[in-house]
Amino acid sequence: AALLRYERFKRNSGFNNIVEAIDARFNRSHTLHPKHGDLVARPVVGAVLGYAFGVCINGNLALMSEQGVMKSAPEVDDIYWTVE
């Protein structure tokens, strides 16, 4: 069901993926040191959206995964957006 809704979202919104949609709304931060409160996306092979999403909390990340909230240090492939 989630995959069908995601495909419908992409078709109706004109975006190719969820990252393009977030880029349209927030400013991307190109850094290896995200700020507290930054939105983060981490590429995940096999995930419906293709990413795990979360926030930066005091230099560490809290990412939502199929297993629940995952704590992690920033990684090179992570994508960050500043939310102001």
Side-chain angles (χ1 to χ4, degrees):
L3 181 58
L4 292 174
R5 289 180 188 202
Y6 181 51
E7 292 299 329
R8 185 173 32 223
F9 161 78
K10 291 191 301 183
R11 189 172 51 251
N12 293 339
S13 69
F15 295 112
N16 291 315
N17 58 54
I18 192 70
V19 170
E20 280 186 11
I22 297 171
D23 278 338
R25 176 134 176 128
F26 298 104
N27 294 319
R28 195 181 284 210
S29 176
H30 300 279
T31 183
L32 292 176
H33 305 284
K35 295 184 299 185
H36 183 80
D38 281 359
L39 179 62
V40 60
R42 175 172 290 167
V44 176
V45 174
V48 172
L49 299 177
Y51 297 87
F53 289 91
V55 295
C56 178
I57 302 171
N58 295 326
N60 289 304
L61 309 179
L63 299 163
M64 292 301 301
S65 71
E66 291 181 4
Q67 294 76 32
V69 177
M70 176 181 74
K71 295 179 184 177
S72 177
E75 295 182 1
V76 173
D77 292 332
D78 293 341
I79 302 168
Y80 306 104
W81 294 271
T82 302
V83 179
E84 295 179 7

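Predicted model, so just to flag it, every value in this text is computed and none were measured. Counting begins at 1 with the first residue of the sequence.
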Visitor: Going by atom type alone, with no hydrogens or angles, which donor-acceptor pairs under 3.5 Å involve a side-chain atom of residues 19-27 and a protein atom two or more places apart or on another chain?
Guide:
unit_1: Glu20; atom_1: OE1; unit_2: Asn16; atom_2: N; d: 2.9
unit_1: Glu20; atom_1: OE2; unit_2: Asn16; atom_2: ND2; d: 3.1
unit_1: Asp23; atom_1: OD1; unit_2: Arg28; atom_2: NE; d: 3.1
unit_1: Asp23; atom_1: OD1; unit_2: Arg28; atom_2: NH2; d: 3.3
unit_1: Asp23; atom_1: OD1; unit_2: Trp81; atom_2: NE1; d: 2.7
unit_1: Asp23; atom_1: OD2; unit_2: Arg28; atom_2: NH2; d: 2.6

Visitor: When clusters are formed by joining ILVMFWY residues with side-chain heavy atoms under 4.5 Å apart, either directly or through shared neighbours, do Ile79 and Leu39 land in the same one?
Guide: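 Yes, Ile79 and Leu39 fall within the same hydrophobic cluster.
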Visitor: If a pair satisfies salt bridge (Lys or Arg N to Asp or Glu O under 4.0 Å) and one of its residues is in residues 43-58, list it, with sequence neighbours excluded.
Guide: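 Residue pairs with at least one partner in residues 43-58: there are none.
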Visitor: Report all side-chain donor-acceptor pairs from residues 48-62 shorter than 3.5 Å, counting only partners two or more places apart or in another chain.
Guide:
unit_1: Asn58; atom_1: OD1; unit_2: His36; atom_2: ND1; d: 3.4

Visitor: How would you list, by chain and number, every residue that makes a side-chain hydrogen bond (donor to acceptor under 3.5 Å, both in side chains) with Asp77, sequence neighbours excluded?
Guide: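 Checked Asp77 against side-chain hydrogen bond (donor to acceptor under 3.5 Å, both in side chains); zero matches.
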Visitor: What pairs with Thr82 under side chain to side chain contact (heavy atoms under 4.5 Å, CB included), at least two apart in sequence or on another chain?
Guide: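 If we apply the side chain to side chain contact (heavy atoms under 4.5 Å, CB included) test to Thr82, skipping adjacent residues, the hits are Ser29, Lys35, Asp38, Glu84.
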Visitor: Output the rest of the hydrophobic cluster of Leu4: all Ile, Leu, Val, Met, Phe, Trp and Tyr residues reachable through side-chain heavy-atom contacts under 4.5 Å, sorted by chain and number.
Guide: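 Listed partners: none, Leu4 stands alone.
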Visitor: List for me each residue that meets salt bridge (Lys or Arg N to Asp or Glu O under 4.0 Å) alongside Glu75, sequence neighbours excluded, and say none if there are none.
Guide: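 If we apply the salt bridge (Lys or Arg N to Asp or Glu O under 4.0 Å) test to Glu75, skipping adjacent residues, the hits are Arg42.
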Visitor: Linking Ile, Leu, Val, Met, Phe, Trp and Tyr by side-chain heavy atoms under 4.5 Å, what else ends up with Val69?
Guide: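 Via sub-4.5 Å side-chain contacts, Val69 links to Met64.
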